[in-house]
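In what follows, residues are counted from 1 in the order of the sequence shown.
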Amino acid sequence: MFKVDKSWQGIINKALNNLDDSYLGFLQKDESYFPSKKNFLNAFKTLPLNKTKYILFGQDPYPRQKSAIGYAFIDGDVKSLWDEKNGLSKEVNKATSLRNFMKMLLVCEGKLDVKDTSKNAILEVDTTSYINSILHLKDNFEENGILLLNTALIFASKEESKKHVKMWKPFVHSLLKQIKDENIKLILFGSLAKEIEKLPVSGEFEKFYCEHPYNVSFISNKSVQKLFGQMKLLDKC
């Protein structure tokens, strides 16, 4: 029922079988959560295992159905990245994490001074050579070998977020155990993602930790800039 790229299929099947039986039944039958059962494994459909260099772990999906499309950090409700009057588009500005990530990338590009990432400063940036689609940004992540995964793959309600993170732990542990020899590094955003450190298999991986992009300090984090700046995530392919 849960189809992914053939390079991941056996791994994902085994990982899903590690979920609690009642929870797996909930995933198969329930329609109250999002991304839907057709979409919550999307990250494994578009980036093959042999091209995966990193797994970026976020926390859980956006708490909006149109925004949560099965990729950590990629907001499906974003129509464009830029706006002639506001610098960043209205949708990007509404998604705090994405807004801060975009500002960090512009700092890396030398287009913004970290001391001034205001709307007026962004309006001065010539963005004609940059991508203007959230899905293009997703593609650029994948071109750099980054698989965009949340620690909980679905969202039902804010009150249940921690519960879903807990329920997905056996899946994440099985996934990592199966790929521990693939030379894949982990990028961990935020406090919930750091829970991965508690998994027994975690020690098999090289890991990059940072605050969640929701925090404004993410923009000026030198380690973050070093990791993502070299990837040229804003460039048109």
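Taking the six-membered ring where the residue is Trp, F189 and H212 present perpendicular rings, their angle passing 60° and hence far from 30°. Between F171 and F44, the ring planes lie perpendicular to each other; the angle is over 60°, past the 30° to 60° tilted range.
Judged by distance alone, the side chain of N17 and the main-chain N or O of N13 form a donor-acceptor pair under 3.5 Å.
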Practice task
Go through the steps to decide whether L81 and L88 satisfy the test side chain to side chain contact (heavy atoms under 4.5 Å, CB included), and finish with yes or no.
Solution key: CA-CA 6 Å; L81 300 177; L88 294 171; 5.8 Å; no

Practice task
For R64 and D75, run salt bridge (charged side-chain N to carboxylate O under 4.0 Å, His left out): C-alpha distance rounded to whole Å, both residues' side-chain angles, the deciding distance at 0.1 Å, then the answer.
Solution key: CA-CA 9 Å; R64 302 178 295 275; D75 188 335; 3.2 Å; yes

Practice task
Run the numbers on E91 and K94 for salt bridge (charged side-chain N to carboxylate O under 4.0 Å, His left out), then give the verdict.
Solution key: CA-CA 5 Å; E91 293 84 6; K94 185 172 70 172; over 6 Å; no

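Residues F155 and L148 are members of separate hydrophobic clusters, defined by side-chain heavy-atom contacts under 4.5 angstrom among Ile, Leu, Val, Met, Phe, Trp and Tyr. Placement of L135 and F34 in two distinct hydrophobic clusters is found when ILVMFWY residues are connected by side-chain heavy-atom separations under 4.5 Å, directly or transitively.
Atom CD of Q9 sits in a crowded spot, with more than 12 heavy atoms from other residues, nucleotides or ligands closer than 6.0 Å. No more than 12 heavy atoms of other residues, nucleotides or ligands sit less than 6.0 Å from atom NZ of K51. Within a 6.0 Å radius of CG in N183, no more than 12 heavy atoms belonging to other residues, nucleotides or ligands are found. Residue D21 qualifies as open at atom CG: its count of foreign heavy atoms under 6.0 Å is 12 or below. Within a 6.0 Å sphere centred on NZ of K169, heavy atoms belonging to other residues, nucleotides or ligands number more than 12. Within 6.0 Å of OH in Y214 there are 12 or fewer heavy atoms belonging to other residues, nucleotides or ligands. For NZ of K79, the number of neighbouring non-hydrogen atoms (other residues, nucleotides, ligands) closer than 6.0 Å is greater than 12.
Salt bridge status for K37 with E31: absent, with no side-chain N to carboxylate O gap under 4.0 Å. Using a 4.0 Å cut-off between charged nitrogen and carboxylate oxygen, E195 and K166 do not count as a salt-bridge pair.
Applying the ring-ring contact (aromatic ring centres under 6.0 Å, His included) rule to pairs touching residues 109-134 yields nothing, sequence neighbours excluded. Screening residues 54-73 for ring-ring contact (aromatic ring centres under 6.0 Å, His included) gives F73-F101 as the qualifying pairs, with residues at least two apart or on separate chains.
Residues satisfying the side chain to side chain donor-acceptor pair (under 3.5 Å) criterion with W168, sequence neighbours excluded, are Y23. Applying the side chain to side chain donor-acceptor pair (under 3.5 Å) rule to K207 yields the partners S202; only residues at least two apart in sequence or on another chain are considered. Judged as a salt bridge (charged side-chain N to carboxylate O under 4.0 Å, His left out), and not counting sequence neighbours, K38 has no contacts. In this view, S174 and N18, Q178 satisfy the side chain to side chain donor-acceptor pair (under 3.5 Å) rule, not counting sequence neighbours.
For F40 and F2, the ring centers sit closer than 6.0 Å to each other.
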